[in-house]
Trainee: 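Here you go, one structure.
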Amino acid sequence: QVQLVESGGGLVQAGGSLRLSCAASRSIFSIMGWYRQAPGKQRELVARITSVGSTNYADFAKGRFTISRDNRKNTVYLQMISLRPEDTAVYYCTAQGTWGQGTQVTVSS
């Protein structure tokens with residue numbers, strides 16, 4: 001079973017940027033995605049990317065977040081700009097039915 005390890009979360013002021021990374025333990029030839037879960041809320045899709053780079057985004061992510069992947073490094077990224085306090089959540093990477101441990105993103109106002 002593949003293992004996923006996220007990194008790059010942290011505390012940032014509103015309007016700031018963060019880049020999340022998710023490293024897989026082996027090659028993944030399928031969709032990889034980012035989800036997030038805020039306190040008291042359900043986990044929700046942020047963005048997904050296919051093995052050939054096709055993407056789709058949640059409405060809140062369009063224009064601010066960019067998902068990408070480097071298949072040579074077995075890594076998927078989430079570049080986030082213009083962050084808002086409502087983006088505060090634990091961000092999870094997923095692939096092939098497996099989830100990472102999550103990385104906390106906190107946006108202060």
Trainee: Does Tyr77 have Arg19 sitting over its ring (NZ/CZ under 6.0 Å from centre, angle to axis within 45°)?
Mentor: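 Yes; both conditions hold, so Arg19 lies above the ring face of Tyr77.
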Trainee: Rounded to the nearest 0.5 Å, how far does OG of Ser17 lie from CZ of Arg64?
Mentor: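 OG of Ser17 is found 10.5 Å from CZ of Arg64.
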Trainee: With a cutoff of under 4.5 Å between side-chain heavy atoms, which Ile, Leu, Val, Met, Phe, Trp and Tyr residues group with Ile28?
Mentor: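 Under the 4.5 Å side-chain rule, Ile28 groups with Val2, Leu4, Val12, Leu18, Leu20, Met32, Trp34, Val46, Ile49, Tyr57, Phe60, Phe65, Ile67, Val76, Leu78, Met80, Leu83, Tyr91, Val105, Val107.
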Trainee: We want to know whether Thr98 and Gln1 form a side-chain donor-acceptor pair, criterion being a heavy-atom distance below 3.5 angstrom.
Mentor: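 Result is yes, a qualifying pair exists.
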Trainee: Is it true that atom CZ of Arg26 has more than 12 heavy atoms of other residues, nucleotides or ligands lying nearer than 6.0 Å?
Mentor: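 Yes - once you tally the heavy atoms of other residues, nucleotides and ligands closer than 6.0 Å, there are more than 12.
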Trainee: Does CD in Gln3 sit with more than 12 non-hydrogen atoms of other residues, nucleotides or ligands closer than 6.0 Å?
Mentor: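 Atom CD in Gln3 is not crowded, with 12 or fewer foreign heavy atoms closer than 6.0 Å.
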Trainee: Please report the C-alpha distance between Glu6 and Ser21 in whole Å, then the side-chain angles of each, then the deciding distance to 0.1 Å, and finally whether the side-chain contact (heavy atoms from CB on, under 4.5 Å) criterion is met.
Mentor: CA-CA 5 Å; Glu6 301 101 331; Ser21 299; over 6 Å; no
Trainee: Might you point out which heavy atoms bring Arg48 and Ile31 nearest each other, and give the distance in Å?
Mentor: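 Scanning both residues completely, I find the closest heavy atoms to be CB-CG2, 4.0 Å.
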Trainee: May I ask you to say whether Arg84 pairs ionically with Asp87, meaning some side-chain N is under 4.0 Å from a carboxylate O?
Mentor: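 No, Arg84 and Asp87 are not salt-bridged.
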Trainee: Has the side chain of Thr103 got a donor or acceptor atom that lies under 3.5 Å from a matching backbone atom of Gly9?
Mentor: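 Side chain of Thr103 to backbone of Gly9, a donor-acceptor pair under 3.5 Å: yes, one is there.
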Trainee: State the CZ-SG distance between Arg69 and Cys22, to the nearest 0.5 angstrom.
Mentor: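 These two atoms lie 10.0 Å from each other.
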Trainee: Determine the minimum heavy-atom distance between Ser30 and Gln96, stating which atoms define it.
Mentor: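 Nearest pair, atom of Ser30 first, then Gln96: OG-CG, 3.5 Å.
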Trainee: I want to check a possible cation-pi pair here: Arg43 against Tyr92, using under 6.0 Å from ring centre and within 45° of the ring axis as the test.
Mentor: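 Yes, Arg43 and Tyr92 form such a contact.
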Trainee: With heavy-atom distances below 4.5 Å as the criterion, would you say the side chains of Glu44 and Arg36 are in contact?
Mentor: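 Yes, their side chains come closer than 4.5 Å.
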Trainee: Can you measure from NZ (Lys73) to OG (Ser27) and round to the nearest 0.5 angstrom?
Mentor: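 With rounding to 0.5 Å, NZ (Lys73) is 14.0 Å from OG (Ser27).
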